[in-house]
Amino acid sequence: MVVGSLKLWTNLVVEGFQKSLSIAKFLCLLHATNAYICTPITPYGPSMLPTLNLTGDLVLVERVSTWLGKVDRGDMVLLRSTEDPRKVVIKRIMAMEGDTVTYLVDPKNSDASKTCVVPRGNIWIQGDNIYNSRDSRTFGAVPYGLVEGKLFWRIWPLKSFGSLHGEAKEDS
């Protein structure tokens with residue numbers, strides 16, 4: 001009877017270990033997918049209006065394009081903030097290294113503009129809402145290495161479900 005009871009407990013322990021191992025494998029796969037391939041994010045703030053809503057959007061960010069250097073002008077990207085490295089922000093790439101950029105210095109108050117050349121290894125980013133965005137017009141070109149991924153698909157709200165590649169910046 002003791003041997004039968006021991007065998008039952010041994011089987012339970014082995015089965016529990018196997019199930020725990022399966023769950024651990026799944027969580028590792030989920031982490032690897034989230035960290036290196038694709039991740040969902042919820043943008044917040046007015047800088048990308050009208051393309052993205054203030055709150056409530058759910059979009060997918062793919063991370064492979066940045067490793068392959070496949071981001072270009074017009075792409076919306078997720079990048080580490082230059083002002084607070086603990087934060088990530090979403091902006092649109094307006095120019096790549098070597099491009100000449102002319103921008104409004106303070107679009108709320110004047111039509112004064114400046115022109116600069118984007119340095120090597122940097123990109124010029126701007127929010128779609130030029131009146132309420134802290135971007136390269138404020139802190140200059142940002143290193144390409146801060147780009148973490150490219151937005152490619154809107155999941156929520158359902159009425160806007162679909163690809164973000166065709167979303168062009170709307171002029172105000």
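All heavy atoms count here, side chains included; hydrogens, waters and symmetry mates do not.
The distance from atom SG of C116 to atom CG of D99, rounded to the nearest 0.5 Å, is 10.5 Å. The CG atom of L158 lies 10.0 Å from the CG atom of L58; values are rounded to the nearest 0.5 Å. Rounded to the nearest 0.5 Å, atoms OG (S136) and CG (N122) are 8.5 Å apart. Residue L151 holds its CG atom at 4.5 Å from CD1 of I90, rounded to the nearest 0.5 Å. We find the CE-CD1 distance between M94 and I125 to be 11.0 Å, quoted to the nearest 0.5 Å. For the atom pair NZ of K108 and CG of N132, the computed distance is 5.0 Å after rounding to the nearest 0.5 Å.
Under the side chain to side chain donor-acceptor pair (under 3.5 Å) criterion, N109 pairs with D106, sequence neighbours left out. Scanning for side-chain contact (heavy atoms from CB on, under 4.5 Å) contacts around V88 gives L78, R80, E148, with sequence neighbours left out. Under the side chain to side chain donor-acceptor pair (under 3.5 Å) criterion, D75 pairs with no residue at all, not counting sequence neighbours. The side chain to side chain donor-acceptor pair (under 3.5 Å) test applied to T55 returns no partner, not counting sequence neighbours. Here T39 pairs with N34 under the side chain to side chain donor-acceptor pair (under 3.5 Å) rule; sequence neighbours left out.
Between the side chain of N11 and the main chain of W9, no donor-acceptor pair closer than 3.5 Å is present. Checked by atom type and distance alone, the side chain of Y144 pairs as donor or acceptor with a backbone atom of T66 at under 3.5 Å. For the pair R134 (side chain) and E83 (backbone), a donor-acceptor distance under 3.5 Å is absent. One N or O on the side chain of N129 and one on the backbone of P46 form a donor-acceptor pair closer than 3.5 Å. Although no hydrogens or angles enter the test, the distance criterion places no donor-acceptor pair under 3.5 Å between the side chain of E62 and the main chain of C38.
In terms of heavy-atom proximity, M48 sits nearest to G127 at SD-CA, 3.7 Å. The minimum heavy-atom distance between L104 and R137, with the atom names listed, is O-CD, 3.6 Å. Of all non-hydrogen atoms in Y36 and W67, the two that sit nearest each other are O-CH2, 3.0 Å. The shortest heavy-atom contact between G98 and V117 is O-CG1, 3.9 Å. Smallest separation of non-hydrogen atoms from G121 and E97: N-OE1, 2.5 Å. A pairwise comparison of heavy atoms in T138 and S133 identifies OG1-O, 4.4 Å as the closest pair.
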Listed pairs under 3.5 Å, donor-acceptor, residues 16-31 side chains, sequence neighbours left out:
from: S20; atom 1: OG; to: G16; atom 2: O; distance (Å): 2.9
from: S22; atom 1: OG; to: Q18; atom 2: O; distance (Å): 3.1

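Looking only at side-chain heavy atoms (C-beta outward), V105 and S110 stay at 4.5 Å or farther from each other.
I93 and M76 fall into different hydrophobic clusters, where Ile, Leu, Val, Met, Phe, Trp and Tyr are joined by side-chain heavy atoms under 4.5 Å apart, directly or via other members. There is no path of hydrophobic side-chain contacts, each under 4.5 Å, that joins Y44 to L49. When hydrophobic clusters are built by joining Ile, Leu, Val, Met, Phe, Trp and Tyr residues whose side-chain heavy atoms come closer than 4.5 Å, directly or via intermediates, V61 is grouped together with L164. One hydrophobic cluster, built from ILVMFWY side chains closer than 4.5 Å, holds both V89 and V142. When the side chains of ILVMFWY residues are joined at heavy-atom separations under 4.5 Å, either directly or via intervening members, L52 and I41 end up in a single hydrophobic cluster.
D111 CG: 12 or fewer foreign heavy atoms inside a 6.0 Å radius.
Test D72, D135, D128 against R92 for salt bridge (charged side-chain N to carboxylate O under 4.0 Å, His left out) and you get one pass: D128.
The closest side-chain donor-acceptor pair between K91 and S47 falls under 3.5 angstrom.
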